[in-house]
Amino acid sequence: MYIIQNGTLVSSEKTWQADLALEDGRIAAVAPAIPAAPGDQCLDAAGCLVFPGFIDPHTHLDMDNGVTVTAGDFPSGTLAAVCGGTTTILDFATQDRGGTLAQALERWHAKADGRSSCNYGFHMAVTGWNESTRRELRDMIAAGVTSLKVYLAYDALRVDDGALLDIFQECRALGLQIGCHCENGDIVNLLQRWELAKGNRGPAGHPASRPPAAEAEAVARCCRIAAMADCPVIIVHLSTEAGLEALNYARNIYDPPMWAETCPQYLFLNESRYGLPGFEGAKYVMSPPLRTDEDRWEIGRALLNNEIQTLGSDHCSYNFAGQKELGREDFTKIPNGIPGLEHRPALLFSEYTGGAGLTPEQMCRILSENPARLYGMYPQKGVLAVGSDADVTVWDPEAVWTITAAAQHHKVDYTPYEGMTVTGRARAVFVNGVLAARDGEPVQTGLGRYVFRRTLDEKDKRDLGYPINVLEFTTTI
């Protein structure tokens, strides 16, 4: 048995002084004091916050975009996750056009099974919708995959509005969660052609071709189509104030729950990065792109206010050398994505515990409880309770350190957060009751297990609510 002693335990509602006993992969006891017996191992967590293991609901590991494959794979990505305090990830198993969901799931299991240092599950990214795919959805539920993703941008991935409505209808009937990448693909394609025609071939053409309006329009359209099907929806990687306004307007007039996720890059970086000298701006090419400081502040406010429920890294790493450089002559060929899985918890804690007033309870809600509830893992995960999985992050709120590419565990040659000094770090991370990392360095690898998830019930949906009373708007989208 492993006993975590003298720490401050955290839930979404309170903090309290207690010890925690871990045994056989579960939390065996929570009590004011748990004495050690012969053979027990102990960790003194005095001065530390003890969280349910953090969950990253949005990663792309070992992903082939049709031109190149991400630098980060499951062994490296999940190791980086654990070192940063994340004990579970949800990655996107992407259906090939003309392929089946079963084939995609089999491929992703081959990438992850026996090769992961944290626990893992999959969303199914649906790129081709037909009757065969519809029939497969029940098989996905039986396999523990209870969430889908659809794209409204990228020609090789997106579905049209008719297919979107049909998918929403089916998800509503089966109780599946569905997330949506909301950018207007037709508008993006046209603006890309315009930017190239004007000679804007460098990284600055990327944000110019994906303006806030392209996100806001797609968010509004997605929410209206979801409402037609009376289907809950998750807007992933929300990046703009305009997109948030479109979402909150829809929440005020439609019945089904509409949740949202954002990412660290939209809280801590801004669009000025695309103006860096030479080709450096390519390091920050992702979709949606970085936005203005006004967008950052509003997205951060909404996250703390539970208008945005989760913080996913959208980790999708490509090396600057040899991969990002594929787009030196044409920004549309720069592989989209940045690394961030390892640094997500520290960035949130460091930047938001000061003037923004992030509380431990809010951090637990954002990084642990909400993603566990939203994706069918609660109370197996997301809470420190007897019988729950022994995934635990012991957080040192006083640790001060600097993010560098040289020290990170991501398998990639840069970090977008290079040189940022942050406060707060995972002192100890337990995966399935085993010490996996200490002070940001690995202790034991290969501990991850596949997470079999359930569909949501009505209580889950109520508990994931948002503060409707603050959503007041005078304009429509």
Side-chain angles (χ1 to χ4, degrees), residues 58-60 63-68 70 92-97 123-129 147-168 178-196 200 203-226 233-240 242-244 246-247 250 258 260-263 265-266 271 274 282 284-291 295 299 312 314-316 318 326-327 330-338 477:
H58 193 143
T59 69
H60 298 277
M63 186 191 76
D64 187 342
N65 68 5
V67 176
T68 188
T70 55
F92 291 90
T94 303
Q95 175 194 25
D96 288 337
R97 281 285 171 92
H123 309 287
M124 185 56 60
V126 175
T127 63
W129 182 246
S147 52
L148 308 182
K149 182 182 182 181
V150 290
Y151 292 83
L152 302 188
Y154 302 122
D155 289 346
L157 298 173
R158 61 176 165 150
V159 299
D160 63 39
D161 290 350
L164 183 62
L165 176 59
D166 203 12
I167 294 169
F168 278 138
I178 180 167
C180 191
H181 176 126
C182 288
E183 293 181 291
N184 185 310
D186 290 332
I187 296 299
V188 169
N189 289 346
L190 177 61
L191 293 180
Q192 286 179 336
R193 293 196 295 272
W194 285 0
E195 291 300 315
L196 292 172
N200 296 336
H206 178 69
S209 67
R210 305 182 102 97
E215 177 178 86
E217 186 283 330
V219 170
R221 177 161 42 97
C222 173
C223 290
R224 281 165 165 76
I225 295 172
V233 67
I234 306 160
I235 307 301
V236 301
H237 51 51
L238 189 66
S239 69
T240 62
L244 178 66
L247 173 61
M258 296 171 181
E261 162 203 279
T262 193
C263 308
Q265 51 267 34
Y266 305 123
E271 62 187 1
Y274 298 114
Y284 305 91
V285 167
M286 70 203 77
S287 295
L290 300 177
R291 305 298 190 177
D295 288 313
I299 291 294
D314 198 2
H315 177 92
C316 186
Y318 296 99
L326 292 169
D330 180 346
F331 72 85
T332 67
K333 296 180 181 178
I334 300 171
N336 273 226
I338 62 169
I477 305 298

Open item on the list: A side-chain contact here means heavy atoms from C-beta on lying under 4.5 Å apart; do L190 and R193 qualify?
Closed with: yes
TODO: Specify whether H58 and H237 have parallel, tilted or perpendicular ring planes, treating 30° as the upper limit for parallel and 60° as the lower limit for perpendicular.
DONE: tilted
Open item on the list: If the threshold is 4.0 Å, N to carboxylate O, is there a salt bridge linking R224 and D161?
Closed with: no
Open item on the list: Can you confirm whether V236 sits close enough to T262 that some side-chain heavy atom of one is under 4.5 Å from a side-chain heavy atom of the other?
Closed with: no
Open item on the list: Nearest 0.5 Å, please: how far is CD in E261 from SG in C263?
Closed with: 5.0 Å
Open item on the list: Main chain of A282, side chain of Y274: is a donor-acceptor contact present, judged purely on distance under 3.5 Å?
Closed with: no
TODO: Rounded to the nearest 0.5 Å, what's the gap from CZ on R97 to CG on D155? Could you check?
DONE: 8.5 Å
TODO: For residues L238 and Y266, report the shortest heavy-atom separation together with the two atoms involved.
DONE: O-CD1, 3.9 Å
Task: H123 and S147: side chain donor to acceptor below 3.5 Å - done: yes
- [ ] Of all the heavy-atom pairs spanning A208 and P211, show the shortest one and how long it is.
- [x] O-CD, 3.9 Å
TODO: Identify the two heavy atoms, one from L152 and one from C182, that lie closest to each other, and give their separation to 0.1 Å.
DONE: CD1-SG, 4.4 Å
TODO: Check the pair F331, L196 against side-chain contact (heavy atoms from CB on, under 4.5 Å), reporting the backbone distance first and the verdict last.
DONE: CA-CA 9 Å; F331 72 85; L196 292 172; 3.8 Å; yes
Open item on the list: Within this structure, what is the CE-SG distance for the pair M258 and C180, rounded to the nearest 0.5 Å?
Closed with: 11.5 Å
- [ ] Measure across V67 and D64 and return the closest heavy-atom pair with its distance rounded to 0.1 Å.
- [x] N-OD1, 4.0 Å
- [ ] Identify the two heavy atoms, one from A216 and one from A246, that lie closest to each other, and give their separation to 0.1 Å.
- [x] O-CB, 3.7 Å
Open item on the list: Is it the case that the side chain of H206 and the backbone of M286 share a donor-acceptor pair, with hydrogens and angles ignored and the cut-off at 3.5 Å?
Closed with: yes
- [ ] Check whether any side-chain N or O of T70 sits under 3.5 Å from a backbone N or O of M63 as a donor-acceptor pair, and report yes or no.
- [x] yes
- [ ] Using atom types as modelled and distance alone, determine if a side-chain donor or acceptor of R291 lies under 3.5 Å from a backbone N or O of E271.
- [x] no
TODO: Determine yes or no for a side-chain-to-main-chain donor-acceptor pair under 3.5 angstrom, with E215 supplying the side chain and T240 the backbone.
DONE: yes
TODO: Taking T127 for its side chain and Q95 for its backbone only, find out whether a donor-acceptor pair lies under 3.5 Å.
DONE: yes
Task: Heavy-atom side-chain contact between E183 and R210 under 4.5 Å - done: yes
TODO: Kindly indicate whether the side chain of Q265, heavy atoms from C-beta on, has any atom under 4.5 Å from the side chain of D314.
DONE: yes
Open item on the list: Taking the side chain as everything from C-beta on, heavy atoms only, tell me whether L326 gets closer than 4.5 Å to I334.
Closed with: no
TODO: Compare all side-chain heavy atoms of C316 with those of F92 and state whether any distance is below 4.5 angstrom.
DONE: no
Open item on the list: Closer than 3.5 angstrom, by distance alone: can the side chain of S209 be matched with the main-chain N or O of L191 as a donor-acceptor pair?
Closed with: no
Open item on the list: Could you check whether any side-chain heavy atom of I178 comes within less than 4.5 Å of a side-chain heavy atom of K149, counting everything from C-beta outward?
Closed with: no
Open item on the list: Measuring only between side-chain heavy atoms, which start at C-beta, is P289 closer than 4.5 Å to V285?
Closed with: no
Task: Rounded distance (nearest 0.5 Å) linking atom CG of D295 with atom CG of L290 - done: 10.5 Å
TODO: Could you tell me the separation between the CG atom of D160 and the CH2 atom of W129, rounded to the nearest 0.5 Å?
DONE: 12.0 Å
Open item on the list: To check you understand the geometry: which heavy-atom pair defines the closest contact between A125 and Y151, and what is its length?
Closed with: CB-CE1, 4.3 Å
